[in-house]
Amino acid sequence: MEELARGFFPELFNRSGNKGSGGSSYSPIVLPLDGRREEPARRKAADSDKRVGNEPLSKIRADFPILSEMVDGKPLVWFDNAATTQKPKQVIDRLTTYYERENSNVHRGAHALAARSTDAYEASRAKAADFIGAADPDEIVFVRGTTEGINLVAQSYVKPMLKPSDEIILTYLEHHANIVPWQMIAQETGALIRVAPVDDAGQIILPEFHKLLSSRTKFASLAHVSNALGTITPVEELISAVHSFGAAVLIDGAQSAAHMPINVSAMDADFFVFSGHKLYGPTGIGVVYGKQALLEAAKPYQGGGNMISDVTFGRTLYHNPPAKFEAGTGNIADAAGMGAAIDYVKRIGMQNIEAYEHELLEYGTRELSKIPGLRLIGTASRKASVMSFVIEGHSIEEIGSRLSEAGIAVRAGHHCAQPILRRFGLEGTVRPSIAFYNTFEEIDSMLRILRQLV
Ligand code: PMP
(Lines give C-alpha, C1' and ligand atoms only; values in the text may rest on other atoms or scores of the structure.)
Protein backbone atom coordinates (compact mmCIF):
# COMPACT_ATOMS: atom_id res chain seq x y z
CA MET A 1 0.00 0.00 0.00
CA GLU A 2 2.80 2.37 0.89
CA GLU A 3 4.41 1.37 -2.42
CA LEU A 4 1.30 2.54 -4.18
CA ALA A 5 1.02 5.72 -2.18
CA ARG A 6 4.65 6.50 -2.82
CA GLY A 7 4.14 5.99 -6.57
CA PHE A 8 0.92 7.94 -6.81
CA PHE A 9 1.54 10.76 -4.34
CA PRO A 10 5.30 11.07 -3.88
CA GLU A 11 4.87 14.55 -2.41
CA LEU A 12 3.63 12.89 0.75
CA PHE A 13 7.08 11.39 1.13
CA ASN A 14 9.07 14.12 -0.51
CA ARG A 15 7.58 17.55 -0.19
CA SER A 16 9.76 19.12 -2.86
CA GLY A 17 6.92 18.52 -5.36
CA ASN A 18 7.15 18.75 -9.11
CA LYS A 19 6.32 21.54 -11.49
CA GLY A 20 2.93 21.50 -13.11
CA SER A 21 2.10 21.44 -16.78
CA GLY A 22 -0.40 23.54 -18.62
CA GLY A 23 0.75 26.98 -17.69
CA SER A 24 2.84 28.62 -15.06
CA SER A 25 -0.10 30.51 -13.57
CA TYR A 26 -1.26 27.71 -11.28
CA SER A 27 0.26 25.02 -9.11
CA PRO A 28 -0.65 21.38 -9.45
CA ILE A 29 -2.95 20.17 -6.73
CA VAL A 30 -1.44 17.35 -4.76
CA LEU A 31 -3.60 16.10 -1.92
CA PRO A 32 -1.98 13.98 0.76
CA LEU A 33 -2.85 10.31 0.88
CA ASP A 34 -2.36 10.25 4.61
CA GLY A 35 -5.42 8.54 6.02
CA ARG A 36 -6.35 11.74 7.85
CA ARG A 37 -8.93 12.77 5.30
CA GLU A 38 -12.66 12.42 5.90
CA GLU A 39 -13.82 8.88 6.52
CA PRO A 40 -16.15 7.42 3.85
CA ALA A 41 -19.26 7.54 6.06
CA ARG A 42 -18.83 11.20 7.01
CA ARG A 43 -17.81 12.14 3.53
CA LYS A 44 -20.67 10.23 1.94
CA ALA A 45 -23.22 11.97 4.09
CA ALA A 46 -21.81 15.22 2.76
CA ASP A 47 -22.08 14.21 -0.92
CA SER A 48 -25.42 15.94 -1.41
CA ASP A 49 -24.09 19.28 -0.22
CA LYS A 50 -20.74 19.07 -1.99
CA ARG A 51 -19.75 21.98 -4.18
CA VAL A 52 -17.46 22.28 -7.16
CA GLY A 53 -16.17 25.80 -6.71
CA ASN A 54 -19.27 27.80 -5.81
CA GLU A 55 -21.64 25.49 -7.62
CA PRO A 56 -23.58 22.86 -5.62
CA LEU A 57 -22.94 19.41 -7.05
CA SER A 58 -26.67 18.68 -6.99
CA LYS A 59 -27.27 21.70 -9.23
CA ILE A 60 -24.49 20.64 -11.59
CA ARG A 61 -25.92 17.14 -11.85
CA ALA A 62 -29.39 18.53 -12.54
CA ASP A 63 -27.91 20.35 -15.56
CA PHE A 64 -27.06 17.00 -17.18
CA PRO A 65 -30.37 15.35 -18.11
CA ILE A 66 -28.79 11.99 -18.94
CA LEU A 67 -27.50 11.61 -15.39
CA SER A 68 -31.10 10.99 -14.32
CA GLU A 69 -31.44 8.05 -16.74
CA MET A 70 -32.21 4.63 -15.36
CA VAL A 71 -30.43 1.64 -16.90
CA ASP A 72 -32.26 -1.66 -16.30
CA GLY A 73 -33.96 -0.06 -13.33
CA LYS A 74 -30.71 1.31 -11.87
CA PRO A 75 -29.49 4.90 -11.90
CA LEU A 76 -26.87 5.46 -14.58
CA VAL A 77 -23.34 5.97 -13.28
CA TRP A 78 -21.25 7.47 -16.05
CA PHE A 79 -17.62 6.51 -15.56
CA ASP A 80 -16.73 6.48 -19.27
CA ASN A 81 -15.76 10.14 -19.43
CA ALA A 82 -12.43 9.49 -21.12
CA ALA A 83 -14.39 8.09 -24.08
CA THR A 84 -16.92 10.92 -24.13
CA THR A 85 -18.58 13.23 -21.63
CA GLN A 86 -22.27 13.90 -21.07
CA LYS A 87 -23.80 17.23 -22.10
CA PRO A 88 -25.43 19.87 -19.90
CA LYS A 89 -28.76 21.24 -21.03
CA GLN A 90 -27.03 24.57 -21.73
CA VAL A 91 -25.20 22.81 -24.59
CA ILE A 92 -28.28 20.92 -25.77
CA ASP A 93 -30.34 24.14 -25.68
CA ARG A 94 -27.65 25.98 -27.61
CA LEU A 95 -27.95 23.47 -30.46
CA THR A 96 -31.73 23.88 -30.48
CA THR A 97 -31.48 27.67 -30.52
CA TYR A 98 -29.01 27.52 -33.36
CA TYR A 99 -31.31 25.42 -35.52
CA GLU A 100 -34.46 27.31 -34.51
CA ARG A 101 -33.13 30.84 -34.91
CA GLU A 102 -29.73 31.09 -36.58
CA ASN A 103 -29.23 28.28 -39.10
CA SER A 104 -27.44 29.44 -42.22
CA ASN A 105 -24.13 28.92 -43.91
CA VAL A 106 -21.44 31.25 -42.61
CA HIS A 107 -19.40 33.96 -44.31
CA ARG A 108 -21.22 33.83 -47.61
CA GLY A 109 -24.86 35.02 -47.88
CA ALA A 110 -25.49 38.66 -47.19
CA HIS A 111 -28.58 38.20 -45.02
CA ALA A 112 -29.57 38.28 -41.37
CA LEU A 113 -29.24 34.56 -40.68
CA ALA A 114 -25.79 34.40 -42.27
CA ALA A 115 -24.75 37.13 -39.89
CA ARG A 116 -26.20 35.22 -36.92
CA SER A 117 -24.54 31.92 -37.79
CA THR A 118 -21.23 33.65 -38.55
CA ASP A 119 -21.41 35.41 -35.20
CA ALA A 120 -22.12 32.11 -33.44
CA TYR A 121 -19.25 30.34 -35.22
CA GLU A 122 -16.70 33.09 -34.68
CA ALA A 123 -17.78 33.65 -31.08
CA SER A 124 -16.99 30.00 -30.41
CA ARG A 125 -13.61 30.37 -32.05
CA ALA A 126 -12.86 33.28 -29.73
CA LYS A 127 -14.09 31.27 -26.71
CA ALA A 128 -11.85 28.35 -27.66
CA ALA A 129 -8.88 30.69 -28.06
CA ASP A 130 -9.50 32.27 -24.69
CA PHE A 131 -10.11 28.89 -23.02
CA ILE A 132 -6.66 27.57 -23.93
CA GLY A 133 -4.77 30.86 -23.71
CA ALA A 134 -4.15 31.36 -27.44
CA ALA A 135 -2.96 34.79 -28.48
CA ASP A 136 -5.55 35.21 -31.25
CA PRO A 137 -8.78 33.49 -32.44
CA ASP A 138 -7.16 33.16 -35.87
CA GLU A 139 -4.88 30.54 -34.32
CA ILE A 140 -7.91 28.27 -33.84
CA VAL A 141 -8.88 25.90 -36.68
CA PHE A 142 -12.16 24.00 -36.33
CA VAL A 143 -11.94 20.29 -37.10
CA ARG A 144 -14.03 17.20 -36.29
CA GLY A 145 -11.96 16.35 -33.26
CA THR A 146 -8.51 15.43 -32.00
CA THR A 147 -8.03 12.69 -34.60
CA GLU A 148 -8.73 14.99 -37.51
CA GLY A 149 -6.63 17.69 -35.87
CA ILE A 150 -3.55 15.46 -35.61
CA ASN A 151 -4.03 14.29 -39.20
CA LEU A 152 -4.29 17.91 -40.31
CA VAL A 153 -1.02 18.88 -38.65
CA ALA A 154 0.72 15.73 -39.92
CA GLN A 155 -0.36 16.29 -43.51
CA SER A 156 -0.25 20.08 -43.66
CA TYR A 157 2.71 21.08 -41.57
CA VAL A 158 4.96 18.10 -40.93
CA LYS A 159 4.84 15.94 -44.08
CA PRO A 160 5.95 18.69 -46.49
CA MET A 161 9.18 19.22 -44.53
CA LEU A 162 10.14 15.57 -43.95
CA LYS A 163 13.11 13.94 -45.64
CA PRO A 164 14.31 10.33 -45.31
CA SER A 165 15.85 9.62 -41.86
CA ASP A 166 14.25 12.67 -40.25
CA GLU A 167 12.72 11.73 -36.93
CA ILE A 168 9.34 12.22 -35.28
CA ILE A 169 9.24 11.77 -31.51
CA LEU A 170 6.30 10.12 -29.73
CA THR A 171 5.96 8.53 -26.29
CA TYR A 172 4.72 5.12 -25.23
CA LEU A 173 1.63 6.81 -23.81
CA GLU A 174 0.10 7.80 -27.14
CA HIS A 175 -3.43 7.02 -28.28
CA HIS A 176 -3.63 5.37 -31.71
CA ALA A 177 -4.79 8.75 -33.04
CA ASN A 178 -1.35 10.08 -32.15
CA ILE A 179 0.53 7.13 -33.67
CA VAL A 180 -1.11 6.14 -36.94
CA PRO A 181 -1.08 9.57 -38.68
CA TRP A 182 2.67 9.79 -38.03
CA GLN A 183 3.28 6.28 -39.32
CA MET A 184 1.39 7.17 -42.47
CA ILE A 185 3.58 10.18 -43.24
CA ALA A 186 6.75 8.38 -42.12
CA GLN A 187 6.04 5.60 -44.61
CA GLU A 188 5.47 8.11 -47.39
CA THR A 189 8.61 10.14 -46.72
CA GLY A 190 11.14 7.68 -45.28
CA ALA A 191 11.12 9.47 -41.92
CA LEU A 192 11.46 7.46 -38.71
CA ILE A 193 9.40 7.35 -35.54
CA ARG A 194 11.24 7.30 -32.21
CA VAL A 195 9.33 6.46 -29.04
CA ALA A 196 10.17 7.62 -25.51
CA PRO A 197 9.72 4.84 -22.92
CA VAL A 198 7.83 5.01 -19.63
CA ASP A 199 8.64 3.60 -16.19
CA ASP A 200 6.55 1.08 -14.26
CA ALA A 201 4.31 3.86 -12.93
CA GLY A 202 3.56 4.99 -16.50
CA GLN A 203 5.68 8.15 -16.42
CA ILE A 204 7.89 9.20 -19.30
CA ILE A 205 11.53 8.41 -18.45
CA LEU A 206 12.88 11.90 -18.95
CA PRO A 207 16.57 11.08 -19.50
CA GLU A 208 15.49 8.63 -22.23
CA PHE A 209 13.28 11.29 -23.78
CA HIS A 210 16.19 13.71 -23.85
CA LYS A 211 18.46 11.06 -25.39
CA LEU A 212 16.09 10.63 -28.34
CA LEU A 213 16.45 14.27 -29.38
CA SER A 214 19.03 15.24 -32.00
CA SER A 215 19.48 17.29 -35.14
CA ARG A 216 17.38 14.61 -36.90
CA THR A 217 14.37 15.48 -34.72
CA LYS A 218 11.87 17.32 -36.92
CA PHE A 219 8.72 17.13 -34.83
CA ALA A 220 7.32 15.73 -31.59
CA SER A 221 3.71 14.81 -30.89
CA LEU A 222 3.00 14.13 -27.24
CA ALA A 223 0.06 13.27 -25.01
CA HIS A 224 -0.76 15.76 -22.28
CA VAL A 225 -2.75 13.13 -20.36
CA SER A 226 -2.72 9.42 -21.19
CA ASN A 227 -6.20 8.11 -21.89
CA ALA A 228 -5.23 4.59 -20.79
CA LEU A 229 -3.30 5.38 -17.58
CA GLY A 230 -4.22 8.95 -16.66
CA THR A 231 -0.56 10.07 -16.48
CA ILE A 232 -0.14 13.84 -16.77
CA THR A 233 3.06 14.46 -18.69
CA PRO A 234 5.46 17.34 -17.93
CA VAL A 235 4.67 19.11 -21.19
CA GLU A 236 6.55 22.31 -20.45
CA GLU A 237 9.81 20.45 -19.92
CA LEU A 238 9.22 18.21 -22.95
CA ILE A 239 8.36 21.12 -25.21
CA SER A 240 11.37 23.16 -24.19
CA ALA A 241 13.67 20.16 -24.74
CA VAL A 242 12.32 19.63 -28.27
CA HIS A 243 12.53 23.36 -29.00
CA SER A 244 16.20 23.36 -28.07
CA PHE A 245 16.74 21.15 -31.14
CA GLY A 246 14.77 23.53 -33.33
CA ALA A 247 11.76 21.24 -33.78
CA ALA A 248 8.10 21.98 -33.15
CA VAL A 249 5.69 20.12 -30.84
CA LEU A 250 2.03 19.11 -30.95
CA ILE A 251 0.33 18.43 -27.64
CA ASP A 252 -2.58 16.00 -27.73
CA GLY A 253 -4.97 17.61 -25.27
CA ALA A 254 -7.88 15.19 -25.81
CA GLN A 255 -7.68 14.06 -22.17
CA SER A 256 -6.43 17.24 -20.55
CA ALA A 257 -8.67 20.04 -21.80
CA ALA A 258 -11.64 18.94 -19.66
CA HIS A 259 -9.67 18.32 -16.49
CA MET A 260 -7.24 21.19 -15.87
CA PRO A 261 -6.58 24.79 -16.87
CA ILE A 262 -4.77 24.93 -20.21
CA ASN A 263 -2.48 27.70 -21.34
CA VAL A 264 -0.85 26.97 -24.69
CA SER A 265 1.11 30.22 -24.58
CA ALA A 266 2.61 29.46 -21.16
CA MET A 267 3.49 25.89 -22.14
CA ASP A 268 4.77 27.20 -25.49
CA ALA A 269 3.03 24.47 -27.52
CA ASP A 270 3.30 24.92 -31.28
CA PHE A 271 0.10 22.97 -31.83
CA PHE A 272 -2.53 21.84 -29.32
CA VAL A 273 -5.55 19.73 -30.24
CA PHE A 274 -8.70 18.73 -28.38
CA SER A 275 -12.19 17.34 -28.99
CA GLY A 276 -15.42 19.13 -28.05
CA HIS A 277 -17.17 15.91 -27.07
CA LYS A 278 -14.68 15.19 -24.27
CA LEU A 279 -15.30 18.71 -22.94
CA TYR A 280 -19.09 18.39 -22.42
CA GLY A 281 -19.70 19.67 -25.95
CA PRO A 282 -21.10 17.98 -29.06
CA THR A 283 -19.43 15.27 -31.13
CA GLY A 284 -18.03 16.21 -34.52
CA ILE A 285 -16.27 19.39 -33.44
CA GLY A 286 -12.78 20.02 -32.12
CA VAL A 287 -9.91 22.41 -32.31
CA VAL A 288 -6.40 22.68 -33.65
CA TYR A 289 -4.51 25.52 -32.05
CA GLY A 290 -1.43 26.45 -34.07
CA LYS A 291 1.00 29.31 -33.67
CA GLN A 292 0.22 31.82 -36.39
CA ALA A 293 3.58 31.54 -38.17
CA LEU A 294 3.31 27.75 -38.30
CA LEU A 295 -0.26 27.81 -39.61
CA GLU A 296 0.88 30.29 -42.26
CA ALA A 297 3.75 27.97 -43.24
CA ALA A 298 1.47 24.89 -43.45
CA LYS A 299 -0.13 23.73 -46.69
CA PRO A 300 -3.88 23.14 -46.74
CA TYR A 301 -4.63 19.43 -47.06
CA GLN A 302 -8.20 19.78 -48.24
CA GLY A 303 -9.32 22.14 -50.97
CA GLY A 304 -12.75 23.58 -51.67
CA GLY A 305 -15.04 26.45 -50.85
CA ASN A 306 -14.47 28.80 -47.89
CA MET A 307 -10.69 28.34 -47.93
CA ILE A 308 -9.97 30.36 -51.08
CA SER A 309 -9.67 34.03 -51.86
CA ASP A 310 -9.57 33.57 -55.66
CA VAL A 311 -9.82 30.63 -58.08
CA THR A 312 -9.03 30.32 -61.77
CA PHE A 313 -8.49 27.05 -63.65
CA GLY A 314 -4.80 27.85 -63.57
CA ARG A 315 -4.32 28.48 -59.86
CA THR A 316 -5.92 29.18 -56.49
CA LEU A 317 -5.11 31.82 -53.92
CA TYR A 318 -5.83 30.67 -50.39
CA HIS A 319 -7.25 32.60 -47.48
CA ASN A 320 -5.08 33.19 -44.47
CA PRO A 321 -5.40 30.75 -41.55
CA PRO A 322 -7.68 29.55 -40.10
CA ALA A 323 -9.96 29.65 -43.17
CA LYS A 324 -7.18 28.06 -45.26
CA PHE A 325 -7.75 24.81 -43.32
CA GLU A 326 -11.55 24.91 -43.21
CA ALA A 327 -12.60 23.80 -46.69
CA GLY A 328 -16.33 23.32 -47.18
CA THR A 329 -19.21 24.01 -44.83
CA GLY A 330 -18.05 23.69 -41.25
CA ASN A 331 -19.84 22.14 -38.31
CA ILE A 332 -21.40 25.46 -37.35
CA ALA A 333 -24.05 24.22 -34.93
CA ASP A 334 -21.67 22.03 -32.99
CA ALA A 335 -19.08 24.79 -32.84
CA ALA A 336 -21.76 26.93 -31.18
CA GLY A 337 -22.51 24.00 -28.87
CA MET A 338 -18.84 23.70 -27.96
CA GLY A 339 -18.81 27.42 -27.17
CA ALA A 340 -21.67 26.82 -24.72
CA ALA A 341 -19.71 23.94 -23.15
CA ILE A 342 -16.70 26.20 -22.69
CA ASP A 343 -18.92 28.86 -21.08
CA TYR A 344 -20.26 26.16 -18.75
CA VAL A 345 -16.93 24.84 -17.49
CA LYS A 346 -15.47 28.33 -17.25
CA ARG A 347 -18.33 29.40 -15.01
CA ILE A 348 -17.54 26.53 -12.64
CA GLY A 349 -13.81 27.17 -13.01
CA MET A 350 -11.22 24.75 -14.38
CA GLN A 351 -9.18 24.94 -11.20
CA ASN A 352 -12.26 24.03 -9.16
CA ILE A 353 -12.99 21.15 -11.52
CA GLU A 354 -9.40 19.97 -11.25
CA ALA A 355 -9.44 20.12 -7.44
CA TYR A 356 -12.75 18.28 -7.04
CA GLU A 357 -11.84 15.57 -9.56
CA HIS A 358 -8.53 15.10 -7.81
CA GLU A 359 -10.36 14.34 -4.54
CA LEU A 360 -12.50 11.77 -6.33
CA LEU A 361 -9.46 10.25 -8.02
CA GLU A 362 -7.53 10.07 -4.79
CA TYR A 363 -10.42 8.42 -2.97
CA GLY A 364 -11.19 5.97 -5.79
CA THR A 365 -7.54 5.01 -6.18
CA ARG A 366 -7.03 4.43 -2.48
CA GLU A 367 -10.15 2.29 -2.13
CA LEU A 368 -9.56 0.33 -5.34
CA SER A 369 -6.06 -0.54 -4.20
CA LYS A 370 -7.54 -2.27 -1.13
CA ILE A 371 -9.46 -4.79 -3.25
CA PRO A 372 -7.69 -8.16 -3.14
CA GLY A 373 -6.05 -9.09 -6.46
CA LEU A 374 -6.67 -5.66 -8.03
CA ARG A 375 -3.70 -4.18 -9.89
CA LEU A 376 -3.81 -0.51 -10.78
CA ILE A 377 -2.26 0.20 -14.16
CA GLY A 378 -0.78 3.69 -14.12
CA THR A 379 0.40 4.99 -10.76
CA ALA A 380 2.13 8.19 -11.88
CA SER A 381 2.69 11.00 -9.40
CA ARG A 382 0.43 13.30 -11.40
CA LYS A 383 -2.74 11.86 -12.84
CA ALA A 384 -6.12 13.00 -14.10
CA SER A 385 -9.48 11.24 -14.25
CA VAL A 386 -8.43 7.69 -15.13
CA MET A 387 -8.25 4.63 -12.83
CA SER A 388 -7.23 1.71 -15.04
CA PHE A 389 -7.06 -1.71 -13.42
CA VAL A 390 -7.19 -5.46 -13.83
CA ILE A 391 -8.22 -8.05 -11.23
CA GLU A 392 -6.46 -11.36 -11.01
CA GLY A 393 -8.70 -14.27 -12.00
CA HIS A 394 -11.36 -12.07 -13.62
CA SER A 395 -11.48 -11.05 -17.27
CA ILE A 396 -11.95 -7.39 -18.04
CA GLU A 397 -15.11 -8.31 -19.96
CA GLU A 398 -16.56 -10.01 -16.89
CA ILE A 399 -15.81 -7.00 -14.71
CA GLY A 400 -17.17 -4.58 -17.31
CA SER A 401 -20.41 -6.48 -17.67
CA ARG A 402 -20.91 -6.91 -13.91
CA LEU A 403 -20.57 -3.15 -13.54
CA SER A 404 -22.83 -2.54 -16.52
CA GLU A 405 -25.55 -4.74 -14.97
CA ALA A 406 -25.40 -2.37 -11.99
CA GLY A 407 -25.85 0.66 -14.26
CA ILE A 408 -22.17 1.62 -14.07
CA ALA A 409 -20.61 2.47 -17.44
CA VAL A 410 -16.87 1.87 -17.66
CA ARG A 411 -14.67 0.96 -20.59
CA ALA A 412 -13.11 -2.51 -20.69
CA GLY A 413 -10.70 -2.94 -23.58
CA HIS A 414 -7.54 -1.56 -25.12
CA HIS A 415 -8.73 2.07 -25.13
CA CYS A 416 -7.11 2.64 -28.57
CA ALA A 417 -3.74 2.59 -26.83
CA GLN A 418 -2.36 -0.92 -27.41
CA PRO A 419 1.37 -0.06 -27.16
CA ILE A 420 1.13 1.31 -23.61
CA LEU A 421 -1.02 -1.57 -22.36
CA ARG A 422 1.40 -4.08 -23.89
CA ARG A 423 4.19 -2.26 -22.09
CA PHE A 424 2.42 -3.52 -18.94
CA GLY A 425 1.95 -7.01 -20.42
CA LEU A 426 -1.77 -6.48 -21.00
CA GLU A 427 -4.20 -6.44 -23.89
CA GLY A 428 -6.80 -4.45 -21.98
CA THR A 429 -7.88 -2.94 -18.67
CA VAL A 430 -11.06 -1.86 -16.96
CA ARG A 431 -11.05 1.92 -17.06
CA PRO A 432 -13.37 4.02 -14.93
CA SER A 433 -12.77 7.68 -15.77
CA ILE A 434 -14.33 10.47 -13.79
CA ALA A 435 -15.72 13.93 -14.44
CA PHE A 436 -16.77 16.75 -12.13
CA TYR A 437 -20.40 15.61 -12.10
CA ASN A 438 -19.42 12.27 -10.54
CA THR A 439 -19.82 11.66 -6.81
CA PHE A 440 -18.13 9.73 -4.03
CA GLU A 441 -21.32 7.68 -3.75
CA GLU A 442 -20.95 6.59 -7.34
CA ILE A 443 -17.41 5.46 -6.62
CA ASP A 444 -18.71 3.56 -3.60
CA SER A 445 -21.29 1.76 -5.74
CA MET A 446 -18.52 0.66 -8.13
CA LEU A 447 -16.41 -0.50 -5.18
CA ARG A 448 -19.36 -2.50 -3.80
CA ILE A 449 -19.75 -4.45 -7.05
CA LEU A 450 -16.02 -5.11 -7.29
CA ARG A 451 -15.85 -6.33 -3.69
CA GLN A 452 -18.74 -8.73 -4.38
CA LEU A 453 -16.91 -10.01 -7.44
CA VAL A 454 -13.59 -10.94 -5.84
N1 PMP B 1 -5.95 11.27 -28.11
C2 PMP B 1 -6.33 10.84 -26.89
C3 PMP B 1 -5.35 10.91 -25.76
C4 PMP B 1 -7.63 10.37 -26.71
O5 PMP B 1 -8.01 9.94 -25.51
C6 PMP B 1 -8.53 10.35 -27.81
C7 PMP B 1 -9.95 9.82 -27.66
N8 PMP B 1 -10.07 8.66 -26.90
C9 PMP B 1 -8.08 10.81 -29.03
C10 PMP B 1 -6.78 11.26 -29.15
C11 PMP B 1 -8.97 10.84 -30.22
O12 PMP B 1 -10.02 11.72 -29.99
P13 PMP B 1 -11.28 11.77 -30.96
O14 PMP B 1 -11.80 10.38 -31.04
O15 PMP B 1 -12.22 12.71 -30.29
O16 PMP B 1 -10.81 12.27 -32.27
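Atoms within each ligand, like the ligands themselves, are counted from 1 in listed order. We use all heavy atoms of the structure for the numbers below, so side chains are in, but hydrogens, waters and symmetry mates are not.
The nearest heavy-atom contact from the protein to atom 4 (C) of ligand 1 is H175 CD2, 3.3 Å. Counting protein heavy atoms only, atom 5 (O) of ligand 1 is closest to Q255 NE2, 2.6 Å. If you check which protein heavy atom lies closest to atom 3 (C) of ligand 1, you get D252 OD2, 3.4 Å.
Atom numbering of ligand 1 starts at 1 in the shown order; those under 4.0 Å from a heavy atom of N227 are 5 (O). Near S275, meaning under 4.0 Å from one of its heavy atoms, ligand 1 places the atoms 12 (O), 13 (P), 15 (O), 16 (O). Of all atoms in ligand 1, listed by their number and element, those nearer than 4.0 Å to a heavy atom of T147 are 11 (C), 12 (O), 13 (P), 14 (O), 16 (O).
Remark: the backbone N or O of A417 is not paired with any side-chain donor or acceptor of H415 at under 3.5 angstrom.
With ring centers used as reference points, F436 lies under 6.0 Å from Y280.
At a threshold of 4.0 Å, the pair R216-E167 counts as salt-bridged, since one of the basic side-chain nitrogens sits closer than that to a carboxylate oxygen. Salt-bridge check for R423 with D199: failed, with every basic side-chain N at 4.0 Å or more from each acidic carboxylate O.
From F209, atom CZ reaches atom OG1 of T233 across 9.0 Å, with rounding to the nearest 0.5 Å. The distance from the CG atom of D252 to the CZ atom of F272 is 8.0 Å, given to the nearest 0.5 Å. To the nearest 0.5 Å, the span separating OG on S221 from CD1 on I168 amounts to 9.0 Å.
At least one heavy atom of H277 sits closer than 4.0 Å to an atom of ligand 1.
Closest to atom 8 (N) of ligand 1 by heavy atom, among K278, H176, E174, H415, is K278.
Contact annotation: for T146 versus ligand 1, heavy atoms closer than 4.0 Å belong to both the backbone and the side chain.
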